[in-house]
Amino acid sequence: MTHVVVLGAGLGGTIQAYELRQSLAKTDKVTVISNKPYFQFTPSNPWAGIGWRKKEEITIDLAPVMSRRDIDFICDGAVKLDPDAQVIHLQSGREVSYDYLVIATGPDLAFDEIEGFGPEALTNSICQVEHAEISGKNWEAFCANPGPIVVGAVQGASCFGPAYEFAMTLDTDLRRRKIRDKVPITFVTSEPYVGHMGLNGVGDTKGMMESIMRDRDIKWITNAKVDKFADGKVYVTQVDDDGTEKKKYELPFSYSMMLPAFRGIPALMGLEGLVNPRGFVLTDEFQRNRKYPNIFGIGVCIAIAPPEPTPVPTGVPKTGFMIESMVTATAKNIPLVIAGKEPTYQPTWNALCLADFGDRGAAFLAMPQVPPRNVNWAAEGRWVHWAKLVFEWYFMRKIRTGVSEPFYERFVMKLAKIHKLKGE
């Protein structure tokens with residue numbers, strides 16, 4: 001019997017466990033370790049951040065689902081990984097050994113790198129459903145006494161899509177409440193231009209996003225480094241394309257949400273050869289670590305170099321479909337490695353993103369995600385809003401049923417020529 005452990009139960013880890021259960025022998029054991037008892041559908045957090053979703057609507061208890069799929073589930077936080085001994089030390093004092101490990105932890109949120117930043121300080125967050133719940137309550141209080149809003153992503157951030165989603169959704173909600181005229185909104189981002197997304201743009205995202213923001217009366221500041229948050233103010237330094245200081249801002253706010261930089265979780269920090277200095281897992285083209293070939297990494301926790309340097313540091317986003325391609329490659333490679341063979345399956349890292357703006361939205365397709373690309377497409381319209389709603393329902397259903405990719409999903413993706421594995 002081979003024991004495969006999946007560390008993390010987010011979008012990547014949960015689906016990874018389902019696919020491993022299908023690809024491994026029935027005698028092999030699959031265990032999932034998560035510091036939360038539930039799966040949270042992170043793409044819905046912008047809606048939860050203004051009260052359009054409740055926690056129970058976008059979370060699923062994992063123990064019953066995992067049990068039905070013959071997957072062991074341990075709700076416990078990882079304190080330290082010992083890759084040489086092949087042991088994970090947990091908060092409860094328990095130790096879990098493994099033959100093969102898939103790291104799918106997601107990130108640690110680096111709010112502490114900026115003074116006054118984060119939900120425990122002066123700003124709101126939609127990175128976790130717990131944060132989004134608090135943000136939703138704060139939003140109601142704000143709407144009772146509206147004022148300026150600052151929203152965006154700080155230096156080192158890599159997940160820009162939710163910042164745009166949240167800014168536009170705030171605008172939509174304010175218009176519905178008929179108080180938009182009382183609320184100036186400023187979008188502050190480390191990106192060199194609006195629509196860069198950490199990807200050098202996708203299609204004409206620059207022109208499209210600038211047009212959308214002008215239409216919604218949202219001002220923006222790019223190449224921005226946040227110096228600190230104070231009570232009711234954010235201090236920002238804008239730089240030129242060569243990195244020299246251009247202008248300083250003191251922006252007042254009554255409500256602010258900015259996405260933080262990410263880093264690896266503390267349990268992985270300092271493991272030379274496994275993670276980079278920032279704590280992200282180092283993987284090869286097969287999602288496997290070179291120093292520890294029995295360890296694979298998927299999702300937001302892996303290291304991906306930016307396509308090019310930017311005046312203010314930006315990271316590379318890891319989108320849902322891109323993560324699913326990592327999952328499928330890993331689920332097919334681990335049985336090969338168990339059998340003493342070399343891995344052969346490579347993920348495409350194709351990115352398909354639906355960004356909802358509360359009434360309309362924007363869709364992006366990048367194949368692969370990092371340039372140069374075979375497909376480079378972006379569009380916007382009301383249909384994206386409805387597509388995001390359908391996707392939420394559909395993905396939650398996949399988690400509840402324990403099926404990672406129904407046959408009809410494979411059929412539709414094949415027709416659209418959007419593949420998870422290279423060579424398909």
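Source: prediction; values computed, not measured.
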Q: Do R400 and I60 come within less than 4.5 Å of each other through their side chains, counting heavy atoms only?
A: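 Side chain of R400 against side chain of I60, heavy atoms only: contact under 4.5 Å found.
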Q: Between the side chains of R53 and E392, is the shortest nitrogen-to-carboxylate-oxygen separation below 4.0 Å, so that they form an ion pair?
A: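 The answer is yes: the pair qualifies as a salt bridge.
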Q: What I'd like to find out is whether the side chain of Y18 reaches to under 4.5 Å of the side chain of T401, using heavy atoms alone.
A: no
Q: Could you point out which residue of Y193, Y164, F166, W220 forms a ring-ring contact (aromatic ring centres under 6.0 Å, His included) with F187?
A: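 Per the ring-ring contact (aromatic ring centres under 6.0 Å, His included) rule, the option paired with F187 is Y164, out of Y193, Y164, F166, W220.
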Q: How about F41 and F395: are their ring centres within less than 6.0 Å of each other?
A: yes
Q: Would you say N289's side chain and G273's backbone share a donor-acceptor pair under 3.5 angstrom?
A: yes
Q: One thing to verify: whether K225 and E191 come together as a salt bridge, which I'm taking to mean a side-chain N less than 4.0 angstrom from a carboxylate O.
A: no
Q: Are the side chains of Y235 and V226 in touch, meaning some heavy atoms are under 4.5 Å apart?
A: no
Q: Using a 6.0 Å cut-off, check whether atom NZ of K219 has over 12 heavy atoms from anything other than its own residue.
A: no
Q: At what distance, to the nearest 0.5 angstrom, does CD of E133 lie from CD1 of I126?
A: 14.0 Å
Q: Heavy-atom count around K332 NZ within 6.0 Å, excluding the residue itself: above 12?
A: no
Q: Salt-bridge test for K80 and E95: reply yes if a basic N is under 4.0 Å from a carboxylate O, no otherwise.
A: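 Looking at K80 and E95, the cut-off is not met.
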Q: So, are K206 and E210 salt-bridged, with charged N and O less than 4.0 Å apart?
A: yes
Q: Apply side chain to side chain donor-acceptor pair (under 3.5 Å) to D356 and H385, showing your working.
A: CA-CA 5 Å; D356 176 63; H385 171 68; 2.5 Å; yes
Q: Mind running side chain to side chain donor-acceptor pair (under 3.5 Å) on E245 and T237 for me, showing each step along the way?
A: CA-CA 7 Å; E245 184 178 313; T237 299; 5.1 Å; no
Q: Quick one, S97 with Q86, criterion side chain to side chain donor-acceptor pair (under 3.5 Å). Give me CA distance, side-chain angles, the key distance, then yes/no.
A: CA-CA 6 Å; S97 60; Q86 298 182 194; over 6 Å; no
Q: May I ask you to test the V337-N294 pair for a side-chain heavy-atom distance under 4.5 Å?
A: no
Q: Roughly how far, to the nearest 0.5 Å, is the SG atom of C353 from the CE atom of M322?
A: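 The distance works out to 12.5 Å.
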Q: Within a reach of under 6.0 Å around CD of Q22, are more than 12 heavy atoms found that belong to other residues, nucleotides or ligands?
A: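 It does: Q22 CD has more than 12 such atoms within range.
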Q: Run the numbers on D359 and R216 for salt bridge (Lys or Arg N to Asp or Glu O under 4.0 Å), then give the verdict.
A: CA-CA 12 Å; D359 52 358; R216 291 175 180 258; 2.8 Å; yes
Q: Could you pull out all donor-acceptor pairs under 3.5 Å where a side-chain atom in residues 414-421 meets a protein atom, sequence neighbours excluded?
A:
unit_1, atom_1, unit_2, atom_2, d
K420, NZ, E405, OE2, 3.2

Q: Given 3.5 Å as the limit, does a donor-acceptor pair link the side chain of T244 with the main chain of D240, or not?
A: no
Q: A quick test of your reading: do over 12 heavy atoms of other residues, nucleotides or ligands sit less than 6.0 Å from NZ of K55?
A: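 Counting other residues, nucleotides and ligands, NZ of K55 exceeds 12 neighbours.
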Q: State whether R263 and D112 are salt-bridged, where the test is any N-O pair (Lys NZ or Arg NE/NH1/NH2 against Asp/Glu carboxylate O) under 4.0 Å.
A: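 Yes.
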Q: What do you reckon, is CD of E140 surrounded by more than 12 foreign heavy atoms closer than 6.0 Å?
A: yes
Q: I'd like to know whether D241 forms a side chain to side chain donor-acceptor pair (under 3.5 Å) with N223, so could you lay out the CA-CA distance, the side-chain angles of the two residues, the decisive distance to 0.1 Å, and finally the verdict.
A: CA-CA 8 Å; D241 290 340; N223 275 339; 3.3 Å; yes
Q: Got a sec: does the CH2 of W386 have more than 12 other heavy atoms crowding it under 6.0 Å?
A: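 No, not enclosed.
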Q: CZ/R373 to CG/N350 distance, rounded to the nearest 0.5 angstrom?
A: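 The distance works out to 10.5 Å.
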Q: Please report the C-alpha distance between R290 and E285 in whole Å, then the side-chain angles of each, then the deciding distance to 0.1 Å, and finally whether the salt bridge (Lys or Arg N to Asp or Glu O under 4.0 Å) criterion is met.
A: CA-CA 10 Å; R290 295 186 188 277; E285 65 270 32; 3.6 Å; yes
Q: Spell out, as yes or no, whether a donor-acceptor pair under 3.5 Å connects the side chain of T328 to the backbone of E324.
A: yes
Q: Please list, chain by chain and in numerical order, all residues satisfying ring pair (Phe, Tyr, Trp, His ring centres under 6.0 Å) with Y255, sequence neighbours excluded.
A: W139, F142
Q: Check whether any side-chain heavy atom of L81 lies under 4.5 Å from a side-chain heavy atom of L101, and answer yes or no.
A: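 In short, these two side chains touch, coming nearer than 4.5 Å.
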Q: So how far is it from D76 CG to R94 CZ, rounded to the nearest 0.5 Å?
A: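 One finds 7.5 Å between CG of D76 and CZ of R94.
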Q: Do L199 and P317 have side-chain heavy atoms sitting under 4.5 Å apart?
A: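 When only atoms from C-beta onward are counted, P317 and L199 do touch, with a gap below 4.5 Å.
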Q: Just so I know, are the side chains of C301 and F262 near enough to count as touching, which here means a heavy-atom distance under 4.5 Å?
A: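 No - every pair of side-chain heavy atoms lies 4.5 Å or more apart.
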Q: Would you say the side chain of L268 lies within less than 4.5 Å of the side chain of I103, judging by non-hydrogen atoms?
A: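 Sidechains of L268 and I103: in contact.
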